[in-house]
Amino acid sequence: MQNKKQGLFITFEGADGCGKTTQLNLLQKYLEEKGFEIVVTREPGAKGLGEEIRKLLLHYDGYISPKCEAFMFLADRAQHIDTIVKTAVNEGKIVLCDRHTDSTIAYQGYGRGEDIEKLKYLNNLATSGFTPDLTIVCDVDIETAIKRRGNDRDRMEQAGKDFQIKVQNGYREIAKLEPNRVKIIDAKASVEEVFESCKKVVEQLIKKRYN
Ligand code: TYD
C-alpha cells in the first residue's frame, strides 16, 4: 500500500474534552484496515522518561511556574521526537500523535500568556524543525467540552473555563496562520460525523503523498 519510504506525521489538537482522542483511535483503525502501518503516540509522556515528565506535569501537587511548565512540555517533546516520532516516520509509518507543538502555543502561549514567538522558537529547537504534515484541531464550544470531560480533572484541566476559552481561541489563530497544515474540524457533531470530516482531510493528504 505505502509505496514511498517516508511516512506521515499527523497530530491531533484541541481544548480539553474536544474529543480528539476518540477521533485519533478511529483513524488508527481505519488506516490499519487500509493496510498502513500506524504508530499511535502522545504528548506529554509517550514512554519511559516521557511518562515520568507527564506525571509531574499533570499531577505534581505544588506550584509549577509557567516557564517551568513550558520547558517541561518542551523537554518531553525533544525526547519524543528524537526517540519515537522521527524513527517511525523515517521507516515509512504513519504516526498519529495526540497533542504536539500547537498545544504549547495554545496552552502556554495563548492560555498562560508566555511569549508566543519565543515558544515557536523553542518548539523548533525541541523538534529540530520536524513539523507535522497535517494537524487536525477538534473545535468544540467550551461548554460541550467541559461536559465531555467529566469530573476527574488533572492539573491542566483545573485551570478553569476562561483559560480553556483562551486555548480554543489560540487554536483558531494558529489555524489562520498556517491554513495548509492546520485544519479545524467542527467537533460538536456526532462522533461519526466528526470522523467523516477527519477522514476527508487525511485522505487528501494520503492521496498527495502516496499516489
Ligand atoms: P491529557 O490527559 O493528555 O489531556 P487530553 O486528553 O486533553 O489530551 O493531558 C495533557 C494536558 O497537557 C492537556 O491539558 C493539555 C496540556 N498540554 C500543554 O499545556 N502543553 C503542551 O505542550 C502539551 C503537549 C499538553
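First listed ligand is number 1; within each ligand, the first listed atom is number 1. Residue numbers run from 1 in the order of the sequence given.
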Query raised in the report: Which atoms of ligand 1 have any heavy atom of K20 under 4.0 Å away?
Result: 5 (P), 6 (O), 7 (O), 8 (O)
**Report entry** Close-contact set for ligand 1 against T104 heavy atoms, below 4.0 Å
**Finding:** 21 (C), 22 (O)
Just distance, no hydrogens or angles: give the donor-acceptor pairs under 3.5 Å from side chains in residues 78-86, sequence neighbours left out.
residue: H80; atom: ND1; partner: E43; partner atom: OE2; Å: 2.8
residue: H80; atom: NE2; partner: T41; partner atom: OG1; Å: 2.6
residue: T83; atom: OG1; partner: Q79; partner atom: O; Å: 2.7

Would you mind checking which non-hydrogen protein atom is closest to [atom], with the distance to 0.1 Å?
atom	value
atom 11 (C) of ligand 1	L58 CD2, 3.7 Å
atom 10 (C) of ligand 1	P44 CD, 3.8 Å
atom 24 (C) of ligand 1	R77 NH2, 3.5 Å
atom 20 (N) of ligand 1	Q108 OE1, 2.8 Å
atom 21 (C) of ligand 1	F73 CD2, 3.3 Å

Query raised in the report: Are H100 and F9 an aromatic pair by the rule of ring centers under 6.0 Å?
Result: yes
Report task. Establish, yes or no, whether a centroid distance under 6.0 Å links the rings of Y110 and F163. Result ->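 Here the rings of F163 and Y110 have centres that are no less than 6.0 Å from each other.
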**Report entry** Identity of the nearest option to atom 4 (O) of ligand 1, non-hydrogen atoms only, from D102, D98, D16
**Finding:** D16
Query - Pick from R99, E43, R54: the one approaching atom 3 (O) of ligand 1 most closely through a non-hydrogen atom - result: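 It is R54 that holds the nearest heavy atom.
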Check this for me: does any side-chain nitrogen of one of [X] and [Y] sit under 4.0 Å from a carboxylate oxygen of the other?
X	Y	value
D102	R181	yes
R99	D16	yes
R209	D133	yes

Query raised in the report: Below 4.5 Å, heavy atoms only, C-beta onward: do Q6 and K93 meet side chain to side chain?
Result: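 Answer no - side chains too far apart.
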Query raised in the report: What part of D76, side chain, backbone, both or neither, has a heavy atom within less than 4.0 angstrom of ligand 1?
Result: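 Neither part.
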Report task. Apply salt bridge (charged side-chain N to carboxylate O under 4.0 Å, His left out) to E32 and list each qualifying residue two or more places apart in sequence or on a separate chain. Result -> none
Report task. Answer with yes or no whether R42 contacts ligand 1, where contact means a heavy atom under 4.0 Å from a ligand atom. Result -> no
Requested in this report: Assess E69 for proximity to ligand 1: is some non-hydrogen atom of it under 4.0 Å away?
Outcome: no
